Structures are given as structure tokens and as C-alpha cells.
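Below is one structure; the comments refer to it alone.
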Amino acid sequence: MHNPLLVNSNEPFGTIPFNKIKMDHFIPALDAAIDKGKKELDEISSNTNDPTFKNTILAYELSCSSLEKVATSYFHLFGSESNDAFKSLADKISPKLAKFESDIYLNEKLFKRIQIVYNQKGFIQSSEDLRLLEIVYKKFKRNGADLSKKDKENLRNLDNELSTLSPKFSNNSLKATNSFELWLNKEDLDGLPEMAKEAAKNAAKEKGKGDKWLITLQFPSFGPFMKFSKRRDLREKIHRAMVTQCNGGEFDNTSLCKKIANLKHQRAEILGFDNYADYILEERMAENQKNIFTLLDNLYDASISHAKNDLQQIKEIAQELDNITDLKPWDFSYYSEKLKQKLYDFNEDSLRPYFQSEKVIKGVFEIANKLYGLRFVILNNIQTWHEDVEVYEVLDEKDSHIGLLYVDLFPRETKRSGAWMNPLKEQGLENNKIVRPHISLTCNLTKPTNEKPSLLTFNEVVTIFHEFGHCLHGLLADRKYKTISGTNVYWDFVELPSQIMENWVGETKALSLFANHYESGELIPNELVQKIKESKNFLSGTLCLRQLSFGYLDMAWFGKKNSIENLEDFEWNAMEKTTLFDKIPGASMSCKFGHIFAGGYSAGYYSYKWAEVLEADAFEKFKEDGIFNKKTAAAFKDNILSQGNIKHPMDLYKAFKGREPKVEALLKREGLLSQ
């Protein structure tokens with residue numbers, strides 16, 4: 001059987017031939033790629049010549065490229081376009097990958113050669129070679145290369161079990177999201193904007209019920225409903241469905257939460273750490289738990305009074321408008337929107353006509369052009385995983401090829417929720433040449449309807465800019481080796497390029513590039529821009545508190561080993577001080593917290609706030625010099641975006657800013673500075 005995953009791609013730019021790949025290709029391709037990888041690694045470990053950088057470290061860096069292609073293709077589709085049968089392949093694929101990875105790191109002969117080269121590192125002249133050597137050596141150590149035989153076997157068993165649990169967690173979350181359907185009649189639509197009604201009508205038609213309206217747990221569906229629907233009873237129904245998701249029932253994640261956390265702690269203990277957070281923080285800017293809690297606690301102290309004031313104002317307007325005296329969580333979004341309208345004469349839905357998704361994408365491209373000289377040319381000859389996906393070639397000012405960008409904006413049942421950037425091919429050395437990256441930008445934004453194009457909320461625009469910042473980090477990578485290129489950086493540094501891009505959304509000069517009315521072409525009025533600016537810190541205390549609650553919860557799970565009997569009580573103890581409402585029986589954030597149980601953010605969710613400190617401080621320089629100042633942009637590109645993991649991230653940051661970051665810029669921007 002011809003297997004497109006096992007042959008060199010003859011597609012343009014060596015892209016993945018998505019249209020040719022069938023589900024039956026993956027297991028045979030994986031087995032063949034693992035066999036090939038074993039042979040490549042055996043050649044390195046059994047080499048009778050003295051270990052050198054070239055015959056050991058470089059050879060290791062270039063090994064297993066076939067396996068990388070198979071695994072990347074599968075897990076990209078797992079999140080972006082897959083049914084239950086396809087997802088079930090993870091039960092076979094993940095353990096095979098985990099075993100192979102364990103075989104690598106626990107290979108004594110291979111590690112001995114790496115260790116010999118490492119002990120002679122003083123002879124290595126190239127800074128990139130030296131950095132690669134240090135990273136490879138440390139990665140082997142951190143994955144048990146010098147453990148006893150018994151501990152190696154225990155570690156192998158743990159990694160094998162963990163490899164199956166994260167996909168199960170994700171699968172449960174997606175199934176739970178897709179299983180909820182709130183069917184509406186015409187009388188249930190009171191308060192909803194036209195765009196939300198049309199989206200609900202289209203969703204119902206797709207399910208064969210053209211006489212109804214459908215609300216789902218995809219954010220573009222339930223978000224506007226919670227913000228605008230006058231039906232308090234239905235808002236409650238949706239809220240309870242969201243907060244109890246995967247806590248018991250058919251798609252229960254409670255045992256998976258406990259098991260994943262426990263196994264990660266066991267893994268850390270085998271490697272000589274007290275807990276999983278201490279293991280993770282060995283390679284983070286934050287360095288230790290004390291620094292994390294100092295950040296979280298300082299931001300908590302700065303935001304709690306503002307958040308309580310936010311809540312009090314919302315309670316008052318709920319009572320004023322509807323005589324609501326017992327404000328509930330499902331009322332918060334609805335009455336916060338009423339408060340926003342009262343304070344700023346501003347309905348966020350009034351921005352949608354100026355944020356057509358196609359124009360927002362062109363706008364973020366134009367901003368990248370002004371900053372970094374990039375051009376984005378749409379291609380029609382690249383195979384994709386869904387008809388919604390568009391592919392662009394990225395060129396620089398000299399028309400040199402920078403990479404490819406895949407853009408996938410809209411939700412579907414075969415795609416997990418959220419937004420993310422994913423490298424389909426990383427920049428760096430491959431087959432004796434430096435290859436340029438292929439990057440995907442994936443979101444779940446408001447879909448077009450039969451009546452209107454995709455018109456986005458302001459927050460959805462921010463999401464595009466955020467993920468595009470990650471994409472720039474991948475696209476502008478300029479290192480020799482993939483291991484130290486692009487987004488392969490410390491986890492609490494990786495959000496700097498994404499979060500700093502969000503700042504341009506609130507700038508008049510940036511909005512003028514893309515915020516045109518989808519019908520008239522009229523530029524967004526100065527009055528609306530001013531309202532965006534005036535309201536930018538609306539609920540800033542509450543929003544900060546919400547992020548902190550996730551950070552505290554993450555550290556509760558992974559900062560120390562716990563014996564958890566009642567998950568809800570454990571979670572409440574971790575989050576209570578950041579929670580403005582009473583506990584809802586059955587509610588659990590953990591059970592749908594994919595970032596820490598199915599993603600890479602275990603003991604790392606704090607990094608969003610950590611990176612906010614960095615990006616707020618960094619954007620001050622753009623504001624001082626001009627938001628499109630090419631010299632400043634070049635400094636950001638040359639010192640951060642292109643550098644990958646060539647140096648410690650604090651050194652990269654200081655090279656850009658001239659000093660370490662200060663928290664004051666963030667507190668000032670969010671309106672949280674003490675008066």
C-alpha cells in the first residue's frame with residue numbers, strides 16, 4: 001500500500017499531503033518510522049569512533065525525521081479535523097511513541113556518548129552547537145538517562161500510562177462540548193443581536209431543524225447568548241452545563257485529573273524532585289514556586305478590590321434594571337454588558353460590522369508588513385485538512401521565502417475548542433539544508449451565516465492577534481537547529497510574542513488598517529475607537545482575578561502531591577479567595593482544564609501572567625518609539641522572535657529592552673496601580 005506519510009513529499013514546499021492521507025495509513029507509517037528511527041539511533045550508539053559533536057549530537061538532532069512527520073500529522077489532525085474513530089487511534093499511537101521516547105532517553109550507550117561529548121564541551125566553538133549540546137544532555141538527564149535500572153523501568157511505565165491519559169481527557173472534553181444542545185423557539189430569542197440569531201439558526205439548519213435555533217457550548221455560540229439573552233432561566237441552564245462539564249456522567253474526567261496529577265508527581269519524585277512543579281520550574285524563567293506565588297499574590301492584592309467593586313456595580317445595575325437582588329454567575333456577563341453600555345454608551349456587538357474576519361486577517365498581515373516587512377500571498381495549490389483552511393506563502397522585503405501559514409478560523413464538531421498555533425514543520429536543519437517553517441493558526445470564531453459574513457467580536461479579534469503573535473515567533477525563527485528554534489523556548493517566555501501582539505488591536509493607527517464596515521466600507525468611527533480605549537480596563541480586576549484563579553488551581557494540583565478524595569472541595573479550597581460567587585454543587589474547572597491536563601501547561605498556567613509582565617513592559621518601548629517603528633520592530637525580531645532558545649530568555653529580553661522587566665507597566669495598563 002502506498003503510504004504518503006512514508007515518502008518524501010512532492011507537494012509544493014514539501015507540505016503534508018493531507019488529501020492523500022487516510023486513517024489506515026497512520027499505524028503502518030508509525031511502525032515503519034519507529035523502525036527507521038531505531039536504526040538511526042543504533043548507528044549513533046554503536047559507532048566505534050570516538051564520540052564527537054558531529055557523529056553524536058548532530059546525528060541525534062537529525063534522526064527520526066520520518067517519525068516526527070507522522071506524529072505531527074496525526075496530532076495536528078487529532079485536534080483540527082477528526083472523528084471518534086480517528087481519535088481512538090491515539091490509544092495505540094500514544095503508547096508506541098511513549099515507549100520509543102523512553103527507549104531513547106534510557107539508552108545507556110547513547111547517553112554515554114552524549115555525556116563524553118558534554119564533558120569535552122570546552123572544545124566547541126559554535127554557540128549554537130554548544131547550546132544544542134547543553135539542551136540535549138539536560139533533556140536526557142531530565143528524562144532519566146542516569147537513573148538506576150529499577151527507576152528507569154518505573155519511569156518507563158509512568159510515561160507509557162501518561163501517554164494514554166491526555167488524549168482521553170481531550171476526547172471527553174470535546175464529546176461533552178458536542179453533546180450539549182439548547183434548542184430555542186422564536187420566543188426564546190429575546191435580547192439576542194441579529195448576528196447571534198442568524199448563527200443559531202444556521203446551526204439548527206445544519207442539524208436538520210430549520211424551524212428552530214440552536215445554542216451549543218462552542219464559545220461563538222454560547223458567549224453572545226450569555227451576554228445578551230434576557231432569558232435568565234436559559235442562561236442558568238447553559239452556565240450549569242458549562243461548569244459541570246466532565247464532572248461525572250458519560251464523559252467524566254474526575255479520575256483522569258487525579259491520575260494525571262499523581263503520575264506526574266511520581267515521575268518528578270523518581271527524578272529527584274519533591275513535586276512536579278519543582279521539576280518543571282528547573283527550566284522556566286520563574287525558577288521556583290516562591291517566585292510564582294509572589295507574582296500571583298502581588299497581582300491578587302492589586303486586583304481583588306477592583307474585582308469586588310466590579311461585582312458591586314453589576315449587582316446595583318441588576319437591581320436597578322430588573323430588581324435582581326440575588327445576582328448569580330449566569331447573570332454576570334449579561335449585566336456586565338448592561339453596565340458597560342451605561343458607563344460608556346457602548347454595546348460591544350456594535351463593533352462586529354467593523355470586524356469582518358477576512359479583513360481582520362488582512363489587517364494583521366498588514367501590521368506584520370509594517371513591522372517586519374512581511375508579505376502574505378494566498379496559495380491555491382496546497383493540500384489542507386478542511387475546505388475552510390487557507391494557506392499563505394510568507395515572503396520578506398526581498399521576496400525571499402520565509403515560510404507557510406495555514407489559517408483555520410471557524411468551529412466544527414471535528415475540531416477541539418479554543419485557539420492555538422501549531423508548527424507543521426519547524427525551521428532548522430533537515431536533510432543537510434536549513435528548511436523554512438510551516439505554521440498553522442487555528443481558532444474557533446464566529447462563523448459566516450447565509451445572511452452575513454463572519455463578523456467578529458472585539459475579543460475574537462484579540463484572539464487572532466494573539467495566535468498570530470505565536471505564528472510570527474515560528475515564522476521568523478532563524479536558527480541552525482530545530483531543537484533551539486522558534487517556539488522551543490521556556491514555557492513562561494513563549495507567550496511574550498503572542499500577548500504583545502494583542503496591544504496593536506487597541507491602537508487607532510492599527511485599527512485604521514482593517515476596521516472597515518463590511519457593507520459601507522466606512523472606517524470605524526473615532527467615537528467607537530475612543531469607546532474601545534475608554535472601556536479597555538472595564539472589569540480588568542475581575543479578568544485578572546479569573547486568570548489568577550486558574551494559576552492558583554494549577555499550582556494546587558502540581559505544586560505538591562495531594563491525596564484528593566473530593567475533587568470539588570479540593571478545587572474550591574484552591575480557588576475560593578479568587579471566587580466572587582458562592583460554590584455551585586457539581587461545578588469543576590479542573591475537569592475541563594485541558595491546558596494543564598491535556599496540554600503543556602501543567603505547573604505552567606502562571607506563565608500567562610508572567611508573560612503579561614514581559615509584554616506590557618516591552619510594548620512600552622513600542623509606544624515610546626511609535627507602534628510601527630521599524631528600528632524597534634527589528635530589535636524585537638532580532639533579539640526575541642528569531643532567536644528561539646539560543647540563550648536564556650532573560651538575556652534575550654534584556655538585549656531588547658536594556659534591562660529586566662518591571663511589573664509597573666502591566667499594573668498601569670490594567671488600571672490596577674494603587675492610587
Side-chain angles (χ1 to χ4, degrees), residues 18 75-84 86-87 170-184 192-209 212-229 238-239 241-242 245-246 251 333 349 352 355-358 360-361 384-390 406-422 440-468 470-471 592 594-595 598-599:
F18 285 106
F75 285 106
H76 175 75
L77 291 172
F78 182 94
S80 298
E81 182 62 18
S82 59
N83 56 26
D84 289 347
F86 188 93
K87 282 183 170 58
S170 290
N171 210 13
N172 281 343
S173 297
L174 181 61
K175 286 180 177 179
T177 296
N178 289 340
S179 68
F180 177 85
E181 295 177 343
L182 178 64
W183 291 97
L184 306 177
L192 295 184
E194 285 304 312
M195 187 75 186
K197 292 178 187 177
E198 290 169 11
K201 172 60 76 173
N202 274 17
K205 286 179 179 177
E206 288 176 4
K207 295 279 188 176
K209 296 185 179 181
K212 299 278 188 179
W213 289 259
L214 174 62
I215 302 297
T216 71
L217 291 187
Q218 293 282 1
F219 185 79
S221 179
F222 80 77
F225 191 90
M226 297 300 288
K227 185 173 285 189
F228 295 107
S229 173
I238 291 174
H239 182 85
M242 286 191 297
Q245 203 174 33
C246 299
F251 309 116
S333 183
D349 215 60
R352 279 189 188 268
F355 293 140
Q356 185 176 344
S357 61
E358 294 90 341
V360 174
I361 291 294
T384 66
W385 52 93
H386 192 272
E387 61 185 12
D388 285 350
V389 182
E390 293 185 333
Y406 294 71
V407 179
D408 184 1
L409 296 182
F410 305 120
R412 49 186 178 266
E413 289 192 352
T414 51
K415 179 182 180 182
R416 72 176 172 89
S417 60
W420 63 94
M421 167 271 202
N422 192 31
S440 72
L441 186 164
T442 308
C443 301
N444 282 276
L445 307 177
T446 300
K447 295 171 68 172
T449 67
N450 294 333
E451 294 77 20
K452 289 186 178 67
S454 167
L455 302 177
L456 307 181
T457 67
F458 185 77
N459 286 336
E460 288 180 318
V461 177
V462 171
T463 295
I464 287 179
F465 274 68
H466 177 101
E467 298 306 333
F468 185 73
H470 282 308
C471 293
K592 57 180 184 296
H595 276 76

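What you are looking at is a predicted structure, and each value in this text was computed from that prediction instead of being measured.
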Original post:
Name the one of C471, S440, S80 that satisfies side chain to side chain contact (heavy atoms under 4.5 Å, CB included) with Y406?
Top reply: S440
State, to 0.1 Å, how close [X] and [Y] come at their nearest heavy-atom pair, and which atoms those are.
X	Y	answer
T449	A199	CG2-N, 3.8 Å
A598	S170	CB-OG, 3.2 Å
S173	C246	CA-SG, 3.8 Å
P220	P224	O-CD, 3.3 Å

Nearest-0.5 Å distance that lies between atom [atom1] in [X] and atom [atom2] in [Y]:
X	Y	atom1	atom2	result
L445	E460	CG	CD	5.0 Å
H470	W420	NE2	CH2	12.5 Å
N83	E413	CG	CD	11.5 Å
E81	T384	CD	OG1	9.5 Å
L192	W213	CG	CH2	10.5 Å
K209	L214	NZ	CG	8.5 Å

Within a strict 4.5 Å, meaning less than it, do heavy atoms of the [X] and [Y] side chains meet?
X	Y	value
I238	M226	yes
R412	D388	yes
R352	T457	yes
I361	F468	no
P411	F219	no
L217	M242	yes
K447	N202	no
L455	Q356	yes

Got a salt bridge between [X] and [Y], using NZ or NE/NH1/NH2 to carboxylate O under 4.0 Å?
X	Y	answer
E194	K197	yes
E181	K207	yes
D408	K415	yes

Original post:
What is the ring orientation for F18 with W385, classed by angle as parallel under 30°, tilted 30 to 60°, or perpendicular over 60°?
Top reply: perpendicular
Original post:
Where does the angle between the aromatic ring planes of F355 and F458 fall among parallel (under 30°), tilted (30 to 60°) and perpendicular (over 60°)?
Top reply: tilted
Original post:
Any side-chain donor paired with an acceptor under 3.5 Å for Q245 and T177?
Top reply: yes
Original post:
Can L409 and E390 be said to form a side-chain contact (heavy atoms from CB on, under 4.5 Å), step by step?
Top reply: CA-CA 9 Å; L409 296 182; E390 293 185 333; over 6 Å; no
